[in-house]
Amino acid sequence: MPVRLYNTLTQKIEDFVPATPGKVKLYVCGITVYDLAHAGHGRTYTTFDVLVRFLRARGFEVSHCQNVTDVDDKIVNRAKERGEEPLALSKRMGELAEEHLAAIGCMRPTSMPRVSTTIDGIVDLTQRLIQKGSAYVAETPHGKDVYYSVRSFPGYGKLSRRNLDDLRAGASERLAAGAVDVKKDPLDFALWKAAGPDGFGFDSPWGKGRPGWHIECSAMAFKELGEHIDIHGGGMDLVFPHHENEIAQSEACSGKELARFWMHGGFLEIDSEKMAKSLGNFVTIKDVLEKNDPEGYRYFVLGTHYRGPLSFDVEKHDDGRVTFPGLDEAERRMDYLYATRDALVSLADGSEPGEPNILQGQAEVVAGAKERVLEALDRDLNTPVALSVLAELGKAGNEIVMQAPKMKKDPAKHEAVRKLAASAVRALAAACAPLGLMQAEPEAYWKRTKARRLRLRGLAAADIDAKVAARTEARKAKDFAKADAIRKELAAVGVEVFDAADGSSWKITL
RNA sequence: GGUGCGGUAGCCAAGUGGUUAGGCAACGGUUUGCAAAACCGUCAUACGUCGGUUCGAAUCCGAUCCGCACCUCCA
């Protein structure tokens, strides 16, 4: 079955075939780094990270270019507020964004060009557009601007399905609000803007200035990937005008189709509204990492198809704690998967994976898991179905663990079930890989989640250990009233105690 | 006004013409000193509303209601 992806350009799910067999050129619009990256950015980049992992798992060689917008009016304004150099601010925020995206499991793109180091390409592209009659220079009080002439490009609106006359009404109204009109047509957009009174800018044939927002992506895509790419992606909010303008610039210049496929991720919402910096309702990735495990966040994101809206809940508890219930639930599922893997590993006990003739139903789930995940992703990255495969695999794994003791008396059967357990461990890793889940060593996962949950509850492991030890003493003395009292006391502060044959352990409630 | 997206059982969420999605919660079991975890079972013949097409519709067509986004910077 071929890889199938939804294409915004055609509004259909289509078979994906790259221009060069086996090689995929992917360009993803990156972040404007004037502030911390938020959970909505995280969702989009997680989607494309899964796309990359999946395409590679399907045997494609993927070049993934994702830009960093480090030159922009918002950066200049924010820097001014803080009394900082614009490029110093964007460098700092860019590094934090990279760090936070890496933390939530997004692999580093193959290339991450910046506007500040692509000025030559941007100037070159702008000049070519002027020469072709697609752009023109306009005089402003500060110097020279360059605008793209939208009406010179016949295909304008093909991605976002807008017609120029509908757009014009809105654009005219905006102009009445007081902007200086140096454009020949209200729809025209800037390729180059003269430096403002702040003086921040780069040298160019039109004097000191800086690029418009859209031109950078055209220049970077050309430079890093060439004039025709296979997939161009970003958030839903970029369809218009950003991607529409990119198409106009790039295609007017090269005469080639910029991208065969256009993919757009849906929004992360809070209270049914888009999470956005401009609305002030955002939760940063840093906030998420404070409260939840990064893989829990990833599981949460992948639980909804990438094109649909995903609602991010925030809950304020009576005791003053603020939690993200959706992330907590997802994190419990990660606990389940890691715990299942631990149980399988200890059952396998060094045994080699195999396909033994035992526990047929479970063995079938184990054998088919990886391919079923890939098949789910074949269908326009259907990650929720992929996660349902993980759920079934986890259940099969626990069933294997549960059945094993019954086979202890028969060495051949027990050996077989250990082989199956080893296969299940391997299947879990293989099924999770294209999703970027279970990337941590189990010990590391338990260590980091425990440390974080203790911190959030304001608890110390030593205190809990002492109470659990006291309870163990009470249990040995058959003083169950006291043991239960201690359990209740711990439960009240969010600690669950459970007893096993080899002693008691505890866990912080999420 | 223009352009899109979405409304599926208590909650979250797949499914685009005909055979179990999956998860959470709740309840009943197995297990346990009691619990928890894990597993089994129930909730589940659910698909915003009204019409139409069809042997058959959550799925196709028409109308309509509701929510959201984009049309200005936005992942």
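Below, chains carry the letters A, B, ... as their sequence lines are ordered, and counting in each starts from 1. Both backbone and side-chain heavy atoms feed into the values below; hydrogens, waters and symmetry mates do not. Here the structure is a predicted model, which means the values were calculated and not measured.
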Name the nucleic acid region contacted by N398(A), choosing base, sugar-phosphate or nothing; use a 4.0 angstrom heavy-atom cut-off, strictly under. sugar-phosphate
Under the salt bridge (Lys or Arg N to Asp or Glu O under 4.0 Å) criterion, do D328(A) and K291(A) qualify, and how do the steps go? CA-CA 9 Å; D328(A) 286 342; K291(A) 295 191 193 299; over 6 Å; no
Under 4.0 Å between any heavy atoms, over every strand shown, what does M275(A) touch: base, sugar-phosphate, or nothing? Just pick one. base
If you assign each of P241(A) and E496(A) to its closest nucleotide in RNA chain B, which residue comes earlier from the 5' end? E496(A)
Base, sugar-phosphate or nothing for R333(A)? Non-hydrogen atoms, less than 4.0 Å. sugar-phosphate
Under 4.0 Å, heavy atoms only, any strand: does R332(A) hit a base, just the sugar-phosphate, or nothing? nothing
Please list, by residue number, the residues of residues 373-392 of chain A whose heavy atoms come closer than 4.0 Å to an atom of RNA chain B; answer none if no residue qualifies. N382(A), P384(A), V385(A), S388(A), A391(A), E392(A)
For RNA chain B, which residues of residues 101-111 of chain A approach it to below 4.0 angstrom with any heavy atom? none
For nucleotides rG15(B) and rG7(B), find the distance between their C1' atoms and express it as a whole number of Å. 15 Å
Qualifying residue, where the test is side-chain contact (heavy atoms from CB on, under 4.5 Å) with T32(A) and the options are D73(A), V115(A), T69(A), D70(A): T69(A)
Applying the Watson-Crick and G-U wobble criteria at under 3.5 Å, what pairs with rA35(B)? Answer none if nothing qualifies. none
With both distances kept under 3.5 Å, what pairs with rG67(B), Watson-Crick or G-U wobble? rC5(B)
For the side chain of P309(A), counting heavy atoms from C-beta on, which of rC39(B), rG33(B), rG6(B) is nearest? rG6(B)
Heavy atoms only, 4.0 Å cut-off, all strands: where does G266(A) land among base, sugar-phosphate and nothing? base
Respond yes when some side-chain nitrogen or oxygen of Y336(A) is under 4.0 Å from OP1 or OP2 of rC39(B), and no when none is. yes
rA14(B) and rA44(B): how far apart are their C1' atoms, nearest whole angstrom? 15 Å
Using the C1' atom on both, measure rA58(B) against rC47(B) and round to a whole Å. 4 Å
Applying a 4.0 Å non-hydrogen cut-off, can you work out what G234(A) is touching in the nucleic acid: base, sugar-phosphate, or nothing? sugar-phosphate
What contact category does H242(A) fall into here, base, sugar-phosphate, or nothing, at under 4.0 angstrom with non-hydrogen atoms? nothing
So if I take residues 497-510 of chain A and measure heavy-atom distances to RNA chain B, which residues fall below 4.0 Å? V497(A), F498(A), D499(A)
Could you work out the separation of rG18(B) and rU30(B) based on their P atoms and round it to a whole Å? 40 Å
Nearest of rC34(B), rA75(B), rA38(B) to any side-chain atom of H41(A)? rA75(B)
Please state the C1' separation for the pair rG33(B) and rU42(B) - nearest whole angstrom. 29 Å
Does either side chain, that of D49(A) or that of T46(A), offer a donor lying less than 3.5 Å from an acceptor on the other one? no
Would you give the length of the straight line joining atom CD1 of I285(A) to atom CG of L96(A), rounded to the nearest 0.5 angstrom? 10.5 Å
Check whether any side-chain nitrogen or oxygen of K395(A) sits under 4.0 Å from OP1 or OP2 of rC40(B), and answer yes or no. yes
Which of the following nucleotides, rA38(B), rG4(B), rC68(B), is nearest to the side chain of R161(A)? rG4(B)
Do Y45(A) and Q66(A) get their side chains close enough for a donor-acceptor pair, meaning under 3.5 Å? no
Which pair of non-hydrogen atoms, one from H305(A) and one from N382(A), has the smallest distance, and what is that distance? ND1-CA, 4.1 Å
What do you reckon, is NZ of K80(A) surrounded by more than 12 foreign heavy atoms closer than 6.0 Å? no
Touch check for R471(A), heavy atoms < 4.0 angstrom, all strands: base, sugar-phosphate only, or nothing? base
Please report the distance separating the C1' of rC27(B) from the corresponding atom of rA69(B), rounded so that it comes out in whole Å. 40 Å
Rounding to the closest angstrom, what is the interatomic distance between rG67(B) and rU8(B) at atom C1'? 16 Å
Give me the distance, rounded to whole Å, that separates rU19(B) from rG1(B) when you measure between the P atoms they each carry. 40 Å
How about CD on E364(A), more than 12 heavy atoms from neighbouring residues, nucleotides or ligands closer than 6.0 Å, or not? no
Looking only at side chains, do S160(A) and R162(A) share a donor and an acceptor under 3.5 Å apart? yes
Closest heavy-atom pair and its distance - H414(A), A404(A): CD2-O, 3.8 Å
Closest nucleotide of RNA chain B for E273(A) versus for Y299(A): which of these residues is on the 5' side? Y299(A)
Any K274(A) side-chain N or O less than 4.0 Å from OP1/OP2 of rC70(B): yes
So what does K478(A) touch, heavy atoms closer than 4.0 Å: a base, only the sugar-phosphate, or nothing? nothing
According to the interplanar angle, ranging from 0 to 90°, do the rings of W446(A) and Y338(A) count as parallel (below 30°), tilted (30 to 60°) or perpendicular (above 60°)? perpendicular
Mind checking who rG51(B) pairs with, Watson-Crick or G-U wobble, both distances under 3.5 Å? rC61(B)
Within the structure shown, what part of the strands sits under 4.0 Å from G303(A) by heavy-atom distance: base, sugar-phosphate, or nothing? sugar-phosphate
Taking only the side-chain heavy atoms of M402(A) (C-beta and beyond), determine which of rA38(B), rC34(B), rA75(B) contains the nearest atom. rA38(B)
For the rings on H243(A) and H264(A), is their centre-to-centre separation under 6.0 Å? yes
Does the side chain of E331(A) pick up a donor-acceptor pair with the side chain of T449(A) at under 3.5 Å? no
Using the six-membered ring wherever Trp is involved, compare the ring planes of F16(A) and F261(A) and label them parallel, tilted or perpendicular (cut-offs 30° and 60°). perpendicular
